[in-house]
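Notes for the one structure printed next.
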Amino acid sequence: LAVPSSSQKNVDGNAEGAVVLALDITEKEETDGIRREFSANVSHELKTPLTSILGYAEIIKEGIAKPEDVKGFAAKIYSEAKRLIALVEDIMKLSRLDEGACELPGEVVDLQEICQEVIERLKDKAEAAHVTVEFAGSSDGSPIHVTGAYAMLDELVFNLCENAIKYNKTNGKVKVDLTDNPVKLIISDTGIGIDKEYQERIFERFYRVDKSHSKVTGGTGLGLSIVKHIVKQHHAAIQLESELGKGTTIEVRF
Ligand code: ADP
């Protein structure tokens, strides 16, 4: 701890250590602030679908729902409950990532295989959104290796590809490019794009540019903060380029 002491005074007798202490406190206050804001956001995000579920369930329970409305109310309860599960899962993922900050397994992971599997898993979603997904990996199909955690890298590729599909337009395109030496993953879409003023904010927890759109597409607002965390843990770098109405390109460099 940088408590100023006589041994930490400089030639003018000023305590240099005090500056370090001030920085430490600022950093801690910032982290505490982020934590408090996160807890408040978590409570709010969980409360919204729960209130809705409670409201519809009460109307049905009290027998005051018109018979023709009951099915619609049940569907609302179902989709809000699904949203709750997605939220709880994402919150748990983030808290696991926070906890395990230093315990990254040193697995040799084939990103080529992950990209192919993720695209296959998202096939139905892409078809439903009328979006085509194209993959360009190594020319001979040979693996493209990075060291890290398989599950995390899978999550990273999935979240980025899912967003490129979700925030696309009808008949839009998604291109997933993977190169070796250096290992680079570039996901570009011809979607709705992101206004300059929101481009940094979308990596914040729970931040969504258009909350109503995210509700339709089932977003939690946590996907990109999970991505940011995974990138950091893999000592990789992420870069975003986007133009409103034209599309978005996200590059992850390992
Ligand atoms: P969500 O669960 O809402 O998708 P994310 O953290 O993954 O949360 O993304 C945060 C927000 O960033 C989204 O709600 C959306 O507004 C914006 N966004 C993310 N990816 C894209 C993209 N490829 N194109 C346009 N907007 C995007």
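Counting starts at 1 for both ligands and their atoms, following the listed order.
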Polar side-chain atom of [X] near backbone of [Y] as donor-acceptor pair, under 3.5 Å:
X	Y	answer
Ser142	Ser138	no
Asp189	Asn168	no
Thr190	Lys173	yes
Glu45	Phe206	no

Next item on the list: Find out whether Leu185 and Asp177 are in side-chain contact, i.e. whether some heavy atom of one side chain is under 4.5 Å from a heavy atom of the other.
Entry: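 When only atoms from C-beta onward are counted, Asp177 and Leu185 do not touch, as no gap falls below 4.5 Å.
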Next item on the list: Check whether any side-chain heavy atom of Thr248 lies under 4.5 Å from a side-chain heavy atom of Tyr167, and answer yes or no.
Entry: no
Could you tell me whether [X] approaches ligand 1 through its side chain, its backbone, both or neither, with non-hydrogen atoms closer than 4.0 Å?
X	result
Asp189	side chain
Ile194	side chain
Tyr207	backbone

Check: Contact between Gly191 and ligand 1, counting heavy atoms under 4.0 Å?
Finding: no
Notebook entry, point to check: Which value, rounded to the nearest 0.5 Å, describes the distance between Lys228 atom NZ and Ile230 atom CD1?
Noted result: 13.0 Å
Should you measure from each heavy atom of [X], which atoms of ligand 1 turn up under 4.0 Å away?
X	value
Lys166	1 (P), 2 (O), 4 (O)
Gly219	1 (P), 2 (O), 3 (O)
Leu224	5 (P), 6 (O), 7 (O), 9 (O), 19 (C)
Leu222	6 (O), 8 (O)
Arg208	3 (O), 14 (O)

Next item on the list: Name all pairs fulfilling the side-chain hydrogen bond (donor to acceptor under 3.5 Å, both in side chains) condition that reach into residues 49-61, sequence neighbours left out, sorted by first residue then second.
Entry: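 Sorted pair list comes back empty.
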Next item on the list: Give the single entry among Phe206, Tyr198, Tyr167 that approaches atom 15 (C) of ligand 1 most closely by any heavy atom.
Entry: Tyr167
Check: Any nitrogen or oxygen of Gly223, main chain or side chain, under 3.5 Å from a nitrogen or oxygen of ligand 1?
Finding: yes
Margin query: Please check whether Val209 reaches ligand 1 - meaning an N/O of the residue sits under 3.5 Å from an N/O of the ligand, judged on distance alone.
Written below: yes
